[in-house]
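These figures come from a predicted structure and were not determined experimentally.
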Amino acid sequence: MTAPIKIIDLFAGPGGLGEGFSSLIDSDGNPRFKISLSIEKEESAHRTLTLRAFFRQFPRNKVPDEYYEFLTGRLGKNPSEQLYKTNSLKKQVQSAHDESRCLTLGKDNKEIHAAIDEALGRNIEPWVLIGGPPCQAYSLVGRARNKGNTAYSAENDHRNFLYLEYLKVIAKFQPAVFVMENVKGMLSAKINGKKIIDDILSDLKRPNDSLKLNVHDVEYEIFSLSKELLINPLPTDFLIRSEEYGIPQARHRVILLGVRKDIANKITPGVLTSNKGSSVTVKDVISDLPKLRSGLSKFPDSKQKWATSITNGNKELFSELEKMQLKPTAELMQESIKHISDSKLSRGQNWSQPSLSKGPKKLADWYQDPSGRNLVCNHETRGHIKEDLKRYLFCSCYSASSGLSTQQTPKAKDFPKILAPHHGSWSSGKFSDRFKVQLANKVASTITSHISKDGHYYIHYDPQQCRSLTVREAARIQTFPDNYFFVGTRTQQYVQVGNAVPPYLAKQISSIVFDILAN
């Protein structure tokens, strides 16, 4: 058996990119890649990363029962409470902690570089660097927010230069291949009037020219993963539209494939295989999950109080909908309210619960636990204020009643006045899609960390559930396997999922990388 290719994962988050690479196996079920070291500074994401590192210490189908006991909540709220103290698992626990480190690039470089040295060992075979520097300063939303801050200076924002920490590792340790991921906004972000992507590409091709480090010179070719070999690729050629590759969301990210020049001179990298015309939809991947109701926030919560807050006092609302010529929406709302009145739905739970369904319609083998267990974890709803519950009901009914071929989510102008939020900016045009349904028969909007703040942009398409997406539903849309447990508070879990690279996309990228190194 050939030893797996080592991976170093920087800015790892909860491990989406690493999960994809770790999932690539040969015909005998042996992994093609092995995560030797992953670095993440955020504590809750690091705990998730470590738990998944522990899971990977075992062959497929041989994960110990204690792991699944933890998922049920019977071994404490955190894996460190009981799971990691199990005597028979001490070796695997130690290996997981050696692999996953809670350290900060730029602050703990000495320790990080020493750990990379140790992970790679003396006889360095071709290895791969993966990761994506934090992207808040590049993102369109972040930049829009910064425009309103007169004290903000892009030139002095350290987040714009975190990629240099990634570059230092490339220059010093010279991986055979690297994969660097970031937001689409990187293509248009500017420093001193110059697009930062131009400097990034130049630096990555010749890292020593930028850093002036006292190390052996090294050069890289940067390839597009979506377009056949280009002599002079444009920055936009590095944009990956995830929905074209089997991911159930319109997630558009810049992904750079760097190949060391001595290897690049001998090979022609492949590209991702597009599935245009056969998108995986939201319904395809979440319709089998247990149906849940949301909770009530700022008020005592119960099934009856939740139902009453939705079903009472709608006469004026239905009258307004009739005047707006939204009769189909009103009729669907009335029908949904009947079911909500009799609802026996629970709010779910963070811990795993048995699922009697046959699994999602698409990607079922990817989501399914190798042991065959039908488990669902991190599937628990949050609370919403009464007024938002009716807005969610309206939005989901509006979308469902608009027809499969023309399905759409309502804009602010489509809202009845009685449901309009009470703030002056509502009708300004800036918040036209403040409330957005994730449509059943289309790919989802990009899952971002903002999902942790409120659910308005992530409304479930089913009117009878009247809620925003759970962490597990967001994780399904991000293509995390069902046995991937997110550690931390629900808010922290949402942030982890929103910041991750879709593992199923990462697996496809890993296949291209493996072919480069196998030749």
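- D365 and Q368 share no donor-acceptor pair across their side chains, judged by distance under 3.5 Å alone.
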Q | Full working for ring pair (Phe, Tyr, Trp, His ring centres under 6.0 Å) between Y457 and F435 | A | CA-CA 5 Å; Y457 206 68; F435 295 88; over 10 Å; no
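- With Q496 contributing its side chain and V487 its backbone, the two residues share a donor-acceptor pair below 3.5 Å.
- The shortest side-chain heavy-atom distance between V179 and I509 falls under the 4.5 Å cut-off.
- With no hydrogens or angles considered, a side-chain donor-acceptor pair links D369 and S371 at under 3.5 Å.
- In this structure, R52 is positioned above the aromatic face of F55, its NZ or CZ under 6.0 Å from the six-membered ring centre and within 45° of the axis.
- Between S226 and F238 the shortest side-chain heavy-atom distance does not fall below 4.5 Å.
- The closest side-chain donor-acceptor pair between H450 and Y458, if any, does not fall under 3.5 angstrom.
- For the pair K305 and F299, the NZ or CZ position fails the cation-pi test of under 6.0 Å to the six-membered ring centre and within 45 degrees of the ring normal.
- With rounding to the nearest 0.5 angstrom, the CD1 atom of I477 is 9.5 Å from the OG1 atom of T281.
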Q: Decide yes or no on side chain to side chain contact (heavy atoms under 4.5 Å, CB included) for S274 and Y245, but give the supporting numbers first.
A: CA-CA 5 Å; S274 174; Y245 306 103; 4.1 Å; yes
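- Using modelled atom types, one side-chain atom of R251 and one backbone atom of I447 make a donor-acceptor pair closer than 3.5 Å.
- Applying side-chain contact (heavy atoms from CB on, under 4.5 Å) to I255 and the options L272, L225, L17 leaves one that passes, L225.
- Looking only at side-chain heavy atoms (C-beta outward), S44 and R47 come within less than 4.5 Å of each other.
- A heavy-atom distance below 4.5 Å is not found between the side chains of C377 and Y68.
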Q: I would like to know whether F11 and S38 meet side chain to side chain contact (heavy atoms under 4.5 Å, CB included); could you show each step before the answer?
A: CA-CA 8 Å; F11 306 105; S38 54; over 6 Å; no
Q: Output, in order, the C-alpha distance, side-chain angles, deciding distance and verdict of salt bridge (charged side-chain N to carboxylate O under 4.0 Å, His left out) for R293 and D301.
A: CA-CA 11 Å; R293 71 171 180 90; D301 179 56; 3.1 Å; yes
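- Judged purely by atom type and a 3.5 angstrom limit, S297 uses its side chain to pair as donor or acceptor with the backbone of I385.
- To the nearest 0.5 Å, atoms CD (E66) and CZ (F54) are separated by 7.5 Å.
- Note on ring orientation: taking the six-membered ring where Trp is involved, the planes of F485 and F70 are perpendicular (angle over 60°, cut-offs 30° and 60°).
- Without hydrogens or angle criteria, Q438 side chain to S445 main chain gives a donor-acceptor distance under 3.5 Å.
- One N or O on the side chain of Q492 and one on the backbone of T489 form a donor-acceptor pair closer than 3.5 Å.
- In this structure, I240 CD1 and S242 OG are separated by 7.5 Å, a value rounded to the nearest 0.5 Å.
- H384 and S294 are not linked by any side-chain donor-acceptor pair at a separation below 3.5 angstrom, with hydrogens and angles left out of the test.
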Q: Would you sort out whether D284 and K361 count as a salt bridge (charged side-chain N to carboxylate O under 4.0 Å, His left out), showing the intermediate values?
A: CA-CA 5 Å; D284 285 335; K361 294 179 181 178; 5.3 Å; no
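- Under the 6.0 Å distance and 45° angle rule, R476 counts as a cation-pi partner of Y367.
- Remark: the backbone N or O of K386 is not paired with any side-chain donor or acceptor of S309 at under 3.5 angstrom.
- Remark: L375 CG to Q353 CD distance equals 10.0 Å, nearest 0.5 Å.
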Q: Mind running salt bridge (charged side-chain N to carboxylate O under 4.0 Å, His left out) on E81 and K77 for me, showing each step along the way?
A: CA-CA 7 Å; E81 292 179 21; K77 293 184 177 180; over 6 Å; no
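- Checked by atom type, the side-chain pair Q493/N350 shows a donor-acceptor distance below 3.5 Å.
- T479 contributes a side-chain N or O that, together with a main-chain N or O of Y504, makes up a donor-acceptor pair within less than 3.5 Å.
- Salt-bridge formation is detected for the pair R373/D65: a Lys NZ or Arg NE/NH1/NH2 atom is positioned less than 4.0 Å from an Asp or Glu carboxylate oxygen.
- A salt bridge is absent between K507 and E19; no separation between the charged side-chain nitrogens and carboxylate oxygens falls under 4.0 Å.
- A salt bridge links R434 and D454; the closest N-O separation between the charged side-chain nitrogens and carboxylate oxygens is under 4.0 Å.
- Judged purely by distance below 3.5 Å, without hydrogens or angles, the side chains of Q249 and Q478 pair a donor atom with an acceptor atom.
- From Y166, atom OH reaches atom CD1 of I200 across 12.0 Å, with rounding to the nearest 0.5 Å.
- If you run side-chain contact (heavy atoms from CB on, under 4.5 Å) between C397 and each of V437, I337, L326, L332, only L332 comes through.
- The side-chain heavy atoms of K283 and L439, taken from C-beta on, include no pair separated by under 4.5 Å.
- With a 6.0 Å cutoff to the six-membered ring centre and a 45° limit on the axis angle, R382 counts as a cation-pi contact of Y494.
- With no hydrogens or angles considered, a side-chain donor-acceptor pair links S100 and H46 at under 3.5 Å.
- Distance check: F486 CZ to T48 OG1 gives 6.5 Å after rounding to the nearest 0.5 Å.
- Between Y398 and F394, the ring planes are tilted. Angles from 30° to 60° get that label.
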Q: Determine, stepwise, if the pair E380 / R347 fulfils salt bridge (charged side-chain N to carboxylate O under 4.0 Å, His left out).
A: CA-CA 6 Å; E380 176 184 39; R347 294 187 60 184; over 6 Å; no
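- Salt-bridge check for E387 with R391: failed, with every basic side-chain N at 4.0 Å or more from each acidic carboxylate O.
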Q: Show your working on side chain to side chain contact (heavy atoms under 4.5 Å, CB included) between I459 and K436 and close with a plain yes or no.
A: CA-CA 6 Å; I459 301 171; K436 188 167 186 177; 5.9 Å; no
Q) Between I130 and I7, does a side chain to side chain contact (heavy atoms under 4.5 Å, CB included) hold up when you go through it step by step? A) CA-CA 7 Å; I130 62 175; I7 298 284; 3.6 Å; yes
